[in-house]
Amino acid sequence: MFDMAGVGKRISSARKNINITQMELADKLNVSFQAVSNWERGVSMPDIAKLPDIAVILNLSIDELLGKEG
């Protein structure tokens with residue numbers, strides 16, 4: 001099982017590191033800013049089909065995004 005809160009914190013931190021808003025990330029992913037907010041708060045997880053796009057935008061690997069240790 002994935003740690004939704006941990007994934008959300010990584011998304012939030014990486015998003016802030018590249019200086020984009022929740023709205024800008026949402027626009028790039030064709031989702032609502034509420035969806036991004038829910039991910040970042042650990043309320044929900046991104047759709048699995050969105051993970052590669054999220055990882056590319058945030059300059060992370062999917063493993064890093066999901067918190068998998070190397």
Side-chain angles (χ1 to χ4, degrees):
M1 192 72 156
F2 292 110
D3 173 16
M4 290 195 323
V7 171
K9 287 178 185 175
R10 283 185 288 282
I11 291 172
S12 176
S13 176
R15 176 183 60 76
K16 291 172 184 174
N17 283 342
I18 61 170
N19 295 313
I20 63 171
T21 65
Q22 287 181 344
M23 182 66 85
E24 289 168 328
L25 179 58
D27 287 346
K28 291 175 184 286
L29 295 168
N30 295 316
V31 299
S32 69
F33 75 90
Q34 291 97 335
V36 174
S37 175
N38 285 339
W39 302 340
E40 291 187 357
R41 291 182 292 123
V43 174
S44 64
M45 288 280 288
D47 186 275
I48 194 167
K50 295 286 186 193
L51 293 179
D53 294 332
I54 295 168
V56 167
I57 292 166
L58 298 179
N59 301 314
L60 298 172
S61 70
I62 293 174
D63 284 347
E64 289 170 324
L65 184 62
L66 297 177
K68 184 174 182 198
E69 298 296 323

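Side chains are part of it too, since the values below use all heavy atoms of this structure and drop only hydrogens, waters and symmetry mates. Note that the structure is predicted; figures quoted are calculated from it, not measured.
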Quick one: pull up [atom1] in [X] and [atom2] in [Y] and give me the separation to the nearest 0.5 Å.
X: Glu40; Y: Lys16; atom1: CD; atom2: NZ; result: 6.5 Å
X: Gln22; Y: Phe33; atom1: CD; atom2: CZ; result: 8.0 Å
X: Lys50; Y: Lys28; atom1: NZ; atom2: NZ; result: 13.5 Å

Look only at the side chain of Arg10 and the backbone of Leu66, and say whether a donor-acceptor pair between them is shorter than 3.5 Å. yes
Tell me if the NZ atom of Lys9 is crowded by more than 12 foreign heavy atoms within 6.0 Å. no
Work out which heavy atom in Val43 is nearest to a heavy atom in Met4; give both atom names and the distance. O-CE, 3.5 Å
Please report the shortest heavy-atom distance between Ala55 and Ser61, naming the atom on each side. CB-C, 4.1 Å
In one Ile/Leu/Val/Met/Phe/Trp/Tyr side-chain cluster, 4.5 Å: Ile48, Leu29: yes
Co-membership, hydrophobic cluster, residues Ile18 and Ile11, 4.5 Å side-chain: yes
Taking side chain as C-beta onward, heavy atoms only, is Val31 less than 4.5 Å from Asp47? no
Can you name the one residue among Ile62, Leu58, Ile57, Asp63 that meets side chain to side chain contact (heavy atoms under 4.5 Å, CB included) with Leu60? Leu58
